[in-house]
Amino acid sequence: MTHSDFRSVKGLVFDIQRFSLFDGPGIRTTVFFKGCPLRCLWCHNPEGIDPQAQLLYSAGLCVSCGLCVKACPRGAQAIDKEGRHTLDRARCNVCGACVAACPTRALEMAGRSMTAGAVMDEVLKDRLFYTESGGGLTLSGGEPLLQPEFAAALLRAAREEGLHTAVETSGCCSWSRLEAILPLTDLFLYDLKEMDPLRHETFTGVPLKPILDTLSRLSEAGATIVLRLPFIPGCNARPDHIAAVAELAAGLTGPLRQAQGRLAGVDLLPYHRLGEGKRARLGLAETAPAADVPEKETIAGWKKAFAEAGLLVRTADD
């Protein structure tokens with residue numbers, strides 16, 4: 001595939017976040033892919049689950065001006081007798097006409113088709129920051145490996161530009177897809193949601209064993225890995241989960257594997273409520289557990305427990 005060919009590969013993204021500081025080393029641009037095989041109860045990016053574009057509606061921003069009603073070709077938008085906006089999602093085909101007409105951004109698209117070249121044009125706006133900080137490009141989601149050709153095209157383009165590359169993955173994909181991007185990826189941010197198999201399937205909707213098997217193969221293949229640990233009170237914020245993660249990490253960095261893959265660190269991602277408002281804007285039922293956002297003292301306690309188990313863990317605040 002020529003230079004121009006792979007830069008013309010298209011994919012569906014729902015965000016491009018510049019100046020990311022917790023998605024790999026240095027200052028980075030993180031590209032969020034649509035589509036995810038997991039259904040985590042606490043998902044922070046629910047707009048990344050569905051592999052198709054979706055419509056976000058923020059009632060608090062709507063001024064019931066009626067411009068979306070005129071723009072919608074399917075009658076999905078309406079203003080009722082009381083002057084309130086209503087949205088019939090069953091009629092909506094997410095064409096985006098209402099989004100273009102909305103003056104207050106009460107209506108937005110979650111998901112837009114872009115070529116790898118167009119994404120890289122955005123990424124390269126901050127090349128100077130990558131050079132000075134050791135940063136680069138991170139692919140996230142959703143699950144980037146549900147769009148393997150697009151992910152490979154972006155990584156290849158970043159390689160050509162001399163950028164550090166990172167991929168955040170749930171590991172819930174075929175090994176062949178991970179193997180294909182190994183030569184193009186400097187760092188894998190590997191999500192671990194839960195170490196108890198029964199709880200894992202309850203919390204995420206998928207079995208744990210294939211994810212752990214893929215992690216082991218990734219390490220054996222020589223990849224540099226950071227474990228990413230969402231920590232949710234009432235779900236996986238438990239001493240036995242911490243102990244199981246520590247045991248797994250010891251295996252990834254043990255004597256038999258030092259010449260192969262290496263564990264570069266562990267990232268702790270404490271629960272927050274950003275996903276709740278997003279689900280409402282997508283018209284989805286709430287699935288998040290009844291959990292409180294942890295206090296700083298609680299997070300410090302988790303970090304201490306990891307330290308006592310032999311792991312150095314960082315958070316976004318470190």
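Atom set for the values below is all heavy atoms of this structure, side chains included, hydrogens, waters and symmetry mates excluded.
In this structure, G111 and L12 approach most closely via the heavy-atom pair C-CD1, 3.9 Å. Between C98 and Q77, the closest heavy-atom pair is SG-NE2, 3.4 Å. Considering all non-hydrogen atoms of both residues, L154 and V31 come closest at CD1-CG1, 4.4 Å. The minimum heavy-atom distance between D80 and E82, with the atom names listed, is OD1-N, 2.9 Å. Nearest approach of S140 to T30, heavy atoms of both residues: CB-CG2, 3.7 Å. In terms of heavy atoms, V94 sits closest to L55 at CG1-N, 4.0 Å.
The hydrophobic cluster containing L229 does not contain L187, counting ILVMFWY residues as joined when their side-chain heavy atoms lie under 4.5 angstrom apart, directly or transitively. Both V245 and L215 belong to a common hydrophobic cluster when Ile, Leu, Val, Met, Phe, Trp and Tyr are linked at side-chain heavy-atom distances under 4.5 angstrom. Linking ILVMFWY residues whenever their side-chain heavy atoms come closer than 4.5 Å, directly or via other members, places L56 and L284 in the same cluster. In this structure, F150 is not a member of the same hydrophobic cluster as I49, with clusters built from ILVMFWY side-chain heavy atoms closer than 4.5 Å. Under the 4.5 Å side-chain heavy-atom criterion for grouping Ile, Leu, Val, Met, Phe, Trp and Tyr, L218 is not connected to L189 through any hydrophobic cluster.
A salt bridge is absent between K296 and D317: the closest approach of a Lys/Arg side-chain nitrogen to an acidic carboxylate oxygen does not fall below 4.0 angstrom. Comment: D23 does not engage R28 in a salt bridge, judged by the lack of any side-chain N to carboxylate O separation of less than 4.0 angstrom. Comment: R7 does not engage D5 in a salt bridge, judged by the lack of any side-chain N to carboxylate O separation of less than 4.0 angstrom. A salt bridge links D213 and K209; the closest N-O separation between the charged side-chain nitrogens and carboxylate oxygens is under 4.0 Å. The residues E194 and R238 are annotated as salt-bridged, a charged nitrogen and a carboxylate oxygen being separated by less than 4.0 angstrom. Looking at E108 and R105, a side-chain N of the basic residue comes within less than 4.0 Å of a carboxylate O on the acidic one, giving a salt bridge.
Contacts of H85 classified as ring-ring contact (aromatic ring centres under 6.0 Å, His included), with partners at least two apart in sequence or in another chain: Y57. Under the rule for a ring-ring contact (aromatic ring centres under 6.0 Å, His included), Y271 has no partner lying at least two apart in sequence or in another chain. The ring-ring contact (aromatic ring centres under 6.0 Å, His included) check on Y130 picks up nothing, with sequence neighbours excluded. R18 is linked by a salt bridge (charged side-chain N to carboxylate O under 4.0 Å, His left out) to D126, counting only residues two or more places apart in sequence or in another chain. Qualifying salt bridge (charged side-chain N to carboxylate O under 4.0 Å, His left out) partners for D15, counting only residues two or more places apart in sequence or in other chains: none.
Expressed to the nearest 0.5 Å, how far CG of L139 lies from OG1 of T185 amounts to 7.5 Å. Distance check, rounded to the nearest 0.5 Å: CG of D88 to SG of C72 gives 9.0 Å. Here the straight-line distance linking atom OG of S64 with atom CZ of R84 works out to 9.5 Å at 0.5 Å rounding. To the nearest 0.5 angstrom, T315 atom OG1 is 7.0 Å from L268 atom CG. If you take CD1 on I211 and OG1 on T204, they are separated by 6.0 Å, rounding to the nearest 0.5 Å. Here K303 contributes atom NZ and I242 contributes atom CD1; the two are 12.5 Å apart, rounded to the nearest 0.5 Å.
Remark: the backbone N or O of H44 is paired with a side-chain donor or acceptor of K278 at under 3.5 angstrom. Judged by distance alone, the side chain of H241 and the main-chain N or O of M195 form a donor-acceptor pair under 3.5 Å. Side chain of R74 to main chain of C95: no donor-acceptor pair is present (N/O by atom type, distance under 3.5 Å, no hydrogens or angles). The closest donor-acceptor contact from the side chain of R159 to the backbone of P183 lies under 3.5 Å. Between the side chain of R39 and the main chain of C36, a donor-acceptor pair closer than 3.5 Å is present. Checking side-chain atoms of T165 against main-chain N and O of L155 turns up no donor-acceptor pair under 3.5 Å. When atom types are taken as modelled, the side chain of D196 and the backbone of L198 share a donor-acceptor pair closer than 3.5 angstrom. At distances below 3.5 Å, not a single donor-acceptor pair connects side-chain atoms of S58 with backbone N or O atoms of G60. Not one N or O on the side chain of S20 forms a donor-acceptor pair closer than 3.5 Å with the backbone of F22. Checking side-chain atoms of K34 against main-chain N and O of Q52 turns up a donor-acceptor pair under 3.5 Å.
In this structure, F14 and F32 have tilted ring planes: the angle between them lies in the 30° to 60° band.
Under the ring pair (Phe, Tyr, Trp, His ring centres under 6.0 Å) criterion, the residue pairs touching residues 172-217 are W42-F203, with sequence neighbours excluded.
Between C102 and C68, every side-chain heavy-atom pair lies at or beyond the 4.5 Å cut-off. Side-chain atoms of L208 and E201, non-hydrogen and from C-beta on, never get closer than 4.5 Å to each other. When side chains are defined from C-beta on, D267 does not count as touching L227, because their heavy atoms never get closer than 4.5 Å. Contact of the C173 side chain with the L178 side chain is registered, since non-hydrogen atoms from C-beta on lie closer than 4.5 Å. The shortest side-chain heavy-atom distance between I27 and E132 does not fall under the 4.5 Å cut-off. Counting heavy atoms from C-beta on, the side chains of R228 and L269 come closer than 4.5 Å. The shortest distance between side-chain heavy atoms of L248 and L212 falls below 4.5 Å. At a threshold of 4.5 Å between non-hydrogen side-chain atoms, the residues L146 and R177 count as touching.
Side-chain contact, T29 with E122: no donor N or O sits under 3.5 Å from an acceptor N or O. Side-chain contact check for E143 and S170: at least one donor-acceptor pair (N or O, by modelled atom type) lies under 3.5 Å. For the residue pair S174/S176, the side-chain donor-acceptor check at 3.5 Å is satisfied.
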**OP:** Give the C-alpha distance, both sets of side-chain angles, the deciding distance and a yes or no for side-chain contact (heavy atoms from CB on, under 4.5 Å) between M114 and I16.
**Re:** CA-CA 11 Å; M114 299 183 71; I16 299 177; 3.9 Å; yes
**OP:** Evaluate the criterion side-chain contact (heavy atoms from CB on, under 4.5 Å) for residue pair I79 and T86; output intermediate values, then yes/no.
**Re:** CA-CA 6 Å; I79 303 296; T86 62; over 6 Å; no
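Shown here is E179, whose CD atom has more than 12 heavy atoms of other residues, nucleotides or ligands within 6.0 Å. For L128, the CG atom is densely surrounded, since the number of other residues' heavy atoms within 6.0 Å is greater than 12. The environment of CZ in R314 is crowded: more than 12 heavy-atom neighbours from other residues, nucleotides or ligands sit within 6.0 Å. The number of heavy-atom neighbours closer than 6.0 Å to NZ of K10, taken from other residues, nucleotides and ligands shown, is 12 or below.
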